[in-house]
Asker: 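Have a look at the structure that comes next, please.
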Amino acid sequence: MITMRKVEKHYQNFHALRDVNLDVRRGEVIAIIGPSGSGKSTLIRCINRLETISSGEIVVDGARVEAGKNLARVRAEVGMVFQQFNLFPHMSVLRNVAIAPIRVRGIAKAEAEQRARQLLERVGLAAHVDKYPDQLSGGQQQRVAIARALAMEPLVLLFDEPTSALDPEMVGEVLDVMQSLAATGVTMLVVTHEMGFARRVADRVVFMEAGQIIEQGAPNDLFDHP
Ligand code: ADP
Ligand code: ADP
């Protein structure tokens with residue numbers, strides 16, 4: 001579903017990505033781990049074109065991401081969940097989840113809100129649909145962000161350290177939601193420091209160092225104590 005070939009990303013003389021090659025199959029869950037500054041975030045940001053690559057090729061569902069003209073398609077097909085939730089503070093939880101389908105896809109408000117309610121139920125927030133983001137805990141806000149990403153029915157969901165901004169007691173509730181998505185076949189690339197998640201939930205773990213993928217494989221083959 002996603003193919004990266006000989007991808008390079010340079011910032012002036014700095015090589016953030018070097019010769020990155022990666023294939024992601026439909027339904028696969030990939031954990032991307034590695035030291036700070038190793039290029040993990042850059043790698044996934046290139047997939048939805050928050051960053052443009054310097055050379056190489058990225059193909060998502062048959063279309064080249066770097067081609068320039070298909071940005072709207074890329075953004076619709078590739079959902080993203082950030083470390084800092086990035087919810088709209090002036091919109092209710094329900095509105096946050098329904099707004100992109102209404103504005104971007106032209107879905108009728110009632111239908112989009114009905115679907116948003118289902119998604120919020122799926123992430124355990126049915127009781128909070130009329131609240132505003134600042135009335136929720138960090139873990140709840142991140143679950144809204146996941147529901148919002150799912151509302152566009154993306155082919156793949158990218159997560160950029162989704163639990164790093166959370167208080168420790170809220171990490172589990174977000175990982176649990178991600179684990180349940182994985183179990184229902186959602187394709188996911190997850191940049192994370194949560195080794196337990198990488199071990200238990202990921203189909204494949206990708207290790208990065210200095211802009212390169214230095215190793216990848218099934219968690220059982222890569223970790224000593226699966
Ligand atoms: P990671 O996610 O593994 O911590 P990043 O992908 O965020 O790493 O960053 C990789 C490297 O690229 C870092 O050294 C970072 O400083 C550098 N970098 C990221 N964005 C920019 C930018 N806009 N300009 C210059 N350097 C950048
Ligand atoms: P240890 O800290 O001894 O490695 P675990 O392997 O149980 O303990 O947990 C590792 C990480 O997995 C913890 O940071 C925890 O937050 C996270 N985690 C907790 N619940 C889940 C879950 N349901 N699915 C995946 N990861 C989880």
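As the structure lists them, so they are numbered: ligands from 1, and atoms in each ligand from 1.
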Asker: Other members of the hydrophobic cluster containing Phe14, with the 4.5 Å side-chain heavy-atom rule, please.
Answerer: Tyr11
Asker: Got the closest protein heavy atom to atom 3 (O) of ligand 1, with its distance?
Answerer: Lys40 NZ, 2.8 Å
Asker: Which ligand 1 atoms does Ala16 reach within 4.0 Å, using its non-hydrogen atoms?
Answerer: 12 (O)
Asker: Checking contacts now, so for atom 25 (C) of ligand 1, which I'm interested in, is there any protein heavy atom under 4.0 Å?
Answerer: yes
Asker: Which atoms of ligand 1 are found less than 4.0 Å from any heavy atom of Pro35?
Answerer: 3 (O)
Asker: Assess whether a salt bridge exists between Arg143 and Asp176, defined as any Lys/Arg side-chain N lying under 4.0 Å from an Asp/Glu carboxylate O.
Answerer: no
Asker: Can Arg64 and Glu57 be counted as an ion pair, charged N to O under 4.0 angstrom?
Answerer: yes
Asker: Counting non-hydrogen protein atoms only, what is the nearest one to atom 12 (O) of ligand 1? Give residue, atom name and distance.
Answerer: Phe14 CE2, 3.3 Å
Asker: As an exercise, identify every atom of ligand 1 less than 4.0 angstrom from a heavy atom of Ser38.
Answerer: 1 (P), 3 (O), 8 (O)
Asker: Looking at Gly27, is its backbone amide N or carbonyl O close enough to the side chain of Thr187 to form a donor-acceptor pair, meaning the two atoms are under 3.5 Å apart?
Answerer: yes
Asker: Between ligand 1 and Thr42, is the shortest N or O to N or O distance under 3.5 Å?
Answerer: yes
Asker: Is there a donor-acceptor pair closer than 3.5 Å between any side-chain N or O of Asp61 and the backbone N or O of Met1?
Answerer: no
Asker: So which protein heavy atom does atom 19 (C) of ligand 1 come closest to, and at what separation?
Answerer: Tyr11 CE1, 3.5 Å
Asker: What protein heavy atom lies closest to atom 8 (O) of ligand 1? Include the residue and the distance to one decimal.
Answerer: Gly39 N, 3.2 Å
Asker: Linking Ile, Leu, Val, Met, Phe, Trp and Tyr through side-chain heavy atoms less than 4.5 Å apart, which residues share a cluster with Ile107?
Answerer: none
Asker: Is the closest basic N to carboxylate O distance between Arg115 and Glu111 below 4.0 Å?
Answerer: no
Asker: With atoms numbered from 1 as shown, which atoms in ligand 1 lie under 4.0 angstrom from a non-hydrogen atom of Ser41?
Answerer: 1 (P), 2 (O), 6 (O), 7 (O)
Asker: Give the residue and atom name of whichever protein heavy atom lies nearest to atom 4 (O) of ligand 1, and the separation in Å to one decimal.
Answerer: Gly37 N, 2.7 Å
Asker: Please report the shortest heavy-atom distance between Arg45 and Met80, naming the atom on each side.
Answerer: CG-CE, 4.0 Å
